[in-house]
Chemist: 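Take a look at this one; I'll ask things after.
Everything numeric here is computed off the predicted structure, so don't read it as measured data. First the proteins, then the strands, lettered A, B, ... as listed; each starts at 1.
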Protein chains: 2
Amino acid sequence: MKVVKLILTTNSLFNEILSSQTANRTVKQQRIVIAAIRLFAEKGYSNTSTAEIAKVAEVSEASIFKQYVTKDRLLLSLVVPYIKEFFPSKANETINQIISKADSTFEGFIRAFLKNRIAFIVENREIFQVLIKEIIYKEELKNELLPYFSELVTPLMTKVIELFKERGELIDIPITRILKLIFTFIGGFVASRFVLLNQESINDEEIEDAIHFIINGIQKASFDNK
Amino acid sequence: MKVVKLILTTNSLFNEILSSQTANRTVKQQRIVIAAIRLFAEKGYSNTSTAEIAKVAEVSEASIFKQYVTKDRLLLSLVVPYIKEFFPSKANETINQIISKADSTFEGFIRAFLKNRIAFIVENREIFQVLIKEIIYKEELKNELLPYFSELVTPLMTKVIELFKERGELIDIPITRILKLIFTFIGGFVASRFVLLNQESINDEEIEDAIHFIINGIQKASFDNK
DNA sequence: CAATAAAGTGAGTGAGTACTTACTTCTGGT
DNA sequence: ACCAGAAGTAAGTACTCACTCACTTTATTG
């Protein structure tokens, strides 16, 4: 069995960290990670000094640099493993399972997908905030995540959309455009709630509204009003 | 005729700048504004030094502080007048005009609204980027803009939604929840295109997709699949 | 045109910045 | 019990930061 691990073609720091281990950390190194995530999430990367991280982690500043060499690499070391987890390869199986069921609906799929990913964000709220806040500034992060996203998520979602499109329920535009609409909304949804409004969770009512909005948004118009 | 100008109850720097004049600036002060917007948009507020702004504006650093006192106030002086323009009181008339027409459709309204606001963003792309990027970090900006938004935009939009809701075309949930869905999508739409992807414009095809998505998203389900 | 105010600046300043160095302490394998 | 290498640190380093001050230049006005 061949396992293809390499997804990105570029050889970057991003990939280096992707393949590095995050386990067997010392207690102090753990404290650095926790402190850094908390401070970066709260005040942003640029507004947090390494001195402050060291103080909160109750560790000498030099300990941070012994391990991470630069402040920049510290950020990447926090964010990259999170991204790795956010798009799990396991999702493939789950999706195949869902779409193999004959009675499965697109609504059910979207509900499962949304609730699952929101739960994941809630579990790791702070690091999600760091990611969203810093992806705007760090070109490297942006240029690596966007392809990573489109290469891992797009094929999976395309599969699902295709299935329901064949049933004729969905709007008659290319799948890439449907996906763009869905992810624009979901992106706006989680970013506004968890980053802008700093919510700790999202209640079910709002999630159901969102699901309805997405489902109807991409369905074939029931009446042409043009 | 009474003109009620005070919208916010708090007495803050935000309001002070809101009521201050932006006209009769010197040539050099104009250069400072242009340089600051460009640099803040490109690298972010925290990653831009006042020395760099002065250099790009070809002005002494002290000139910036003579006028704006602090770097923080410089940012607010750029962003607040933009916010002021973004939610124009004129919109009230326009909306009344639109909804007074008997043959007006919700789709037509959304199209006019979206295209108009997107055109405004395109015209002032850099300052829009500054606003979105910094609203995440500056609590003051956030805590002032959110009420400003809800007090100026919500009543107007509520009026429109109400009208079309009476016709029975829209989903049967409270208007505030409908508005939240619409603005979550539109927010995600403009933020992702203009800030994350740094696009200079949005083509008509994509705007039409967005309109369809919104219209269908909030319409009454044509078939109940529950 | 003189008086006054406003706009502008060169040369700082102290506080903070990411990062380094020379050294000590801890830990796991033999 | 020993010791090599990893983990940790106090005390720096060079440099950048927002901001100030004493002073000059330009614009306004009676």
Chemist: Check whether any side-chain heavy atom of B/Asn124 lies under 4.5 Å from a side-chain heavy atom of B/Ile37, and answer yes or no.
Modeler: no
Chemist: Please confirm whether the shortest side-chain N or O distance from A/Ser60 to OP1 or OP2 of D/dG8 is below 4.0 Å.
Modeler: no
Chemist: Under 4.0 Å between a side-chain N/O of B/Thr26 and OP1 or OP2 of C/dA7, yes or no?
Modeler: no
Chemist: Measure CD/B/Gln30 against P/C/dA7 and give the value in whole Å, please.
Modeler: 14 Å
Chemist: Among residues 36-44 of chain A, which contact DNA chain C at a heavy-atom distance under 4.0 Å?
Modeler: none
Chemist: Using five pairs at either end of the helix from C/dC1-D/dG30 to C/dT30-D/dA1, determine the angle between the two local helix axes and round it to 10 degrees.
Modeler: 20°
Chemist: Checking B/Phe65 now: which residues fulfil ring pair (Phe, Tyr, Trp, His ring centres under 6.0 Å) with it, not counting sequence neighbours?
Modeler: none
Chemist: Given side chains that start at C-beta, do those of A/Leu74 and A/Ile53 come closer than 4.5 Å, heavy atoms only?
Modeler: yes
Chemist: Classify every nucleotide of nucleotides 15-20 of chain D by which part a protein heavy atom approaches to under 4.0 Å, writing B for the base, S for the sugar-phosphate alone and - for neither, in 5'-to-3' order.
Modeler: --SBBB
Chemist: Are any non-hydrogen side-chain atoms of B/Ile178 and B/Ile182 less than 4.5 angstrom apart?
Modeler: yes
Chemist: Is the distance from the ring center of B/Phe120 to that of B/Tyr82 below 6.0 Å?
Modeler: yes
Chemist: So which pairs with a foot in residues 48-60 of chain A pass salt bridge (charged side-chain N to carboxylate O under 4.0 Å, His left out), sequence neighbours left out?
Modeler: A/Lys43-A/Glu52
Chemist: Below 4.5 Å, heavy atoms only, C-beta onward: do A/Val79 and A/Glu134 meet side chain to side chain?
Modeler: no
Chemist: According to side-chain contact (heavy atoms from CB on, under 4.5 Å), who are the partners of A/Gln67, at least two apart in sequence or on a separate chain?
Modeler: A/Gln29
Chemist: Distance check needed: D/dT9 C1' versus A/Ile53 CD1, whole Å only.
Modeler: 17 Å
Chemist: Just the table, please: protein N/O against nucleotides 22-26 of chain C N/O, every pair under 3.5 Å.
Modeler:
none

Chemist: Does atom CZ (B/Arg177) have a neighbourhood of more than 12 heavy atoms from anything else shown, all under 6.0 Å?
Modeler: yes
Chemist: Run the side-chain donor-acceptor check on residues 152-162 of chain A: report pairs under 3.5 Å with partners two or more places apart or on a different chain.
Modeler:
| residue | atom | partner | partner atom | Å |
| --- | --- | --- | --- | --- |
| A/Thr154 | OG1 | A/Ser150 | O | 2.9 |
| A/Thr158 | OG1 | A/Thr154 | O | 2.5 |
| A/Lys159 | NZ | A/Asn96 | OD1 | 2.9 |

Chemist: Return yes when atom CZ of A/Arg38 has more than 12 non-hydrogen atoms of other residues, nucleotides or ligands closer than 6.0 Å, and no otherwise.
Modeler: no
Chemist: If I take atom NZ in residue B/Lys28 and atom P in nucleotide C/dA6, what distance separates them, rounded to the nearest angstrom?
Modeler: 19 Å
Chemist: Taking all heavy atoms of A/Val130 and all of A/Ala41, pick out the closest pair and write down the distance.
Modeler: CG2-N, 3.4 Å
Chemist: Can you see whether B/Phe40 has B/Lys133 sitting over its ring - NZ or CZ less than 6.0 Å from the centre and within 45° of the normal?
Modeler: no
Chemist: In whole angstrom, give the distance that lies between atom NZ of A/Lys55 and atom C1' of D/dT9.
Modeler: 18 Å
Chemist: Sequence neighbours left out, what pairs pass side chain to side chain donor-acceptor pair (under 3.5 Å) with at least one residue falling in residues 112-123 of chain A?
Modeler: none
Chemist: How many whole angstroms separate atom CD of A/Gln67 from atom P of D/dT9?
Modeler: 13 Å
Chemist: Rounded to the Å, how far apart are B/Ile64 CD1 and C/dG10 P?
Modeler: 13 Å
Chemist: For A/Phe128, give me all partners under ring pair (Phe, Tyr, Trp, His ring centres under 6.0 Å), at least two apart in sequence or on another chain.
Modeler: none
Chemist: Name every residue in residues 131-139 of chain B that has at least one heavy atom under 4.0 Å from any atom of DNA chain C, in order of residue number, or write none if there are no such residues.
Modeler: none
Chemist: Donor-acceptor pairs under 3.5 angstrom involving side-chain atoms of residues 185-196 of chain A: please list them, not counting sequence neighbours.
Modeler:
| residue | atom | partner | partner atom | Å |
| --- | --- | --- | --- | --- |
| A/Ser192 | OG | A/Gly188 | O | 2.7 |
| A/Ser192 | OG | A/Phe189 | O | 3.1 |
| A/Arg193 | NE | A/Glu206 | OE2 | 2.9 |
| A/Arg193 | NH1 | B/Thr184 | OG1 | 2.6 |
| A/Arg193 | NH2 | A/Glu206 | OE2 | 2.6 |
| A/Arg193 | NH2 | B/Thr184 | OG1 | 3.4 |

